[in-house]
Amino acid sequence: MPPERTHGVAELLADVPLFADVDPAMLPRIVATATVVRLSAGEVLFREGEPGDSLYVVVSGRLEVTRSNGTDETFLAALGRGAMVGETALLTGGARTATVRAVRDSELVGVARGRFAELLADPPFARELTRALAQRLAALATPAQPMGRRVAVVAVASLDAGIPTRPAAEALRAAWPRPERVVVLDEAAVGEPGGGAWAERVERAERDCELVVLVTDTSPIAAGTGLVWTRFALRQADRALVLTRPGPVGLRDHPDMPSTWDIGLVTDVPRTADLAAWRGRCRGHHWLRVGPRFAGDLARAARRTVGTSVGLVLSGGGARGLAHLGVLAALEDARIPVDRLGGTSMGAFVSALAATGRNAAAITARMRREVVQRRPFSDYTVPRHALIRGRRGERMLRGVFGTVAVEELATSWFGISCDLAAGEAVAHREGPVSDVVAASISLPGLAPPRRFQGRLLVDGGIVNNLPVDVMLADGDGPVLAVDVMRRLCAPGTPGAPPPPLPSVIETLAAASGLAAHQGAGVTRQLAKVLITPELADIGLLDWERFEAAVTAGRRATEAAIERIAALHSPSALSSSASGGPDIQEPRSGAPAGAARRH
């Protein structure tokens, strides 16, 4: 628990707007029965379904409100200084409707049910309560967004005394759109040891700037006040970048390691085995490769940790997906960093190539050789499971990606497939890249289903062809999306002869993705910038139109380059939680299938 503070209840209440104008004659009675509640980060104030016996007002710290559907927890709100919580159960006489836990060391004032009823008779309190409830209802009327948790305090620590933390702290500062609005605090800057005083200093810094970075100079293995400060910093942070090397070091087996940690693994070569101790226990991992790539890896990890990284989502679309190559080339020419990648079908293929570290020219050359010249999707067979055997495609993917695993990629990547039995999207973040891409491009009827990780999988474009929602769920920053399926067919021209009928393969390919194409209208709205190359005259199997597709992707990206560059601006950061593209798209169709992590 946080150390006791010297403030009295009356002083605490007087500093909270809800009680500021309460009848002075009533205040002593409230003080006599009110309680001061102090929570350490991670502690639960109350749980959903419990009886409600008190109203609480946040004096300092931050709380998180969540609701469970039986299997998953949904984030509802973050509550800071002056916020009220727990009033619903008192007003309705029912049980708690949500779970509330501290995400930082917090101090609250609790008012019991009986005194709350007395307060309702006081006009100033009733007015303030009504205003607060109206704000709460307005917030609930807007669907909660995946990026609702604001990142305001970040800690950097090391589990290995040989890894300095100062470079990481400076990388976190540089990752913020306005570095001058970042305050870096170490143990010396916050004064004498003491959780209460330290918490007040951090909260004051948060009010005065946009981002607070808490830096620790000693490993948590060390003794003395360095350990106390390190644990405090990790407890207070909305997120923490914790540096370590593979091997049995530091707090690896710490039972209370929070899910807000991002682990930065300093290593020569990324290996899946080195992640075993961290799986399911941290928010994510970053490979910090020693040598000339270290600075770039650290900068990318910093941007993801503070939530300013740009994610790129590429849609499926067969040969139309070759436009993604032009998108990558235009972004590279403009020197716009992309820190996260993901996609469906052909978008999964191209984005996976980018995640391996290849530049745009190398990716384009490899795609021309593998897809156009070698024609891996032309091994037709007598239909039993599909029109093609898929063996050429398998050999091609193994040759392109080798044995590298998704979790070993230096740039975060996922691919979307569809579980044929469950009828749901699957977001793959582990396993051989070649197998994930093979599953994502297995169009039903054209290619045989893939057995992978205990599932029977087909092309992810059936259920989620533009998985912006999956990318946003990471909460690492705004998303740039490229949809090559928005204009599937060129409109007919009056008086002109009708276009030729599509082949059976083209019909299968188009029909399989129609539902997801319509549903993508919702996920398009979640992208901060949406690129839709002009590809109406390019069919799903027009691989020979390679250059035309690449050129269309480049042109569309270059036309949007100013809006894309603005994703790193403060305004884009502040609005990224609410999603919404910078260009208007139709809001028709049903939501795309939700992707389950795998």
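Keep in mind it's a predicted model, so treat the numbers as computed, not measured.
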Exercise: identify the closest heavy-atom pair between [X] and [Y]:
X	Y	value
Val153	Leu211	N-CD1, 4.4 Å
Glu48	Ser68	OE1-N, 3.0 Å
Met471	Gly342	CE-N, 3.8 Å
Thr216	Ala233	CG2-CB, 4.1 Å
Pro478	Gly307	CD-O, 4.4 Å
Trp287	Ala410	CD1-CA, 4.3 Å

Between [X] and [Y] (side chain of the first, backbone of the second, donor and acceptor by atom type, cut-off under 3.5 Å), is there such a pair?
X	Y	value
Arg239	Arg304	yes
Arg320	Leu535	yes
Thr523	Pro467	no

Next item on the list: List for me each residue that meets side-chain contact (heavy atoms from CB on, under 4.5 Å) alongside Glu170, sequence neighbours excluded, and say none if there are none.
Entry: Arg173
Item checked: Spacing of Asp262 atom CG and Leu243 atom CG [to the nearest 0.5 Å] -> 10.5 Å
Checklist line | Between OG1 on residue Thr344 and CD1 on residue Ile416, distance to nearest 0.5 Å | finding: 5.0 Å
Next item on the list: Taking atom types as modelled, find out whether Ser309 and Asp476 have a side-chain donor-acceptor pair closer than 3.5 angstrom.
Entry: no
Next item on the list: Would you kindly say whether Ser351 and His324 are connected by a side-chain donor-acceptor distance under 3.5 Å?
Entry: no
Note to self: Could you check whether Asp419 pairs with Arg455 (Lys NZ or Arg NE/NH1/NH2 to Asp/Glu carboxylate O, under 4.0 Å)?
What the structure shows: yes
Note to self: Salt bridge or not between Asp483 and Arg524? Use side-chain N to carboxylate O under 4.0 Å.
What the structure shows: yes
Checklist line | Results of salt bridge (charged side-chain N to carboxylate O under 4.0 Å, His left out) for Arg104 - residues two or more places apart only | finding: Glu206, Asp238
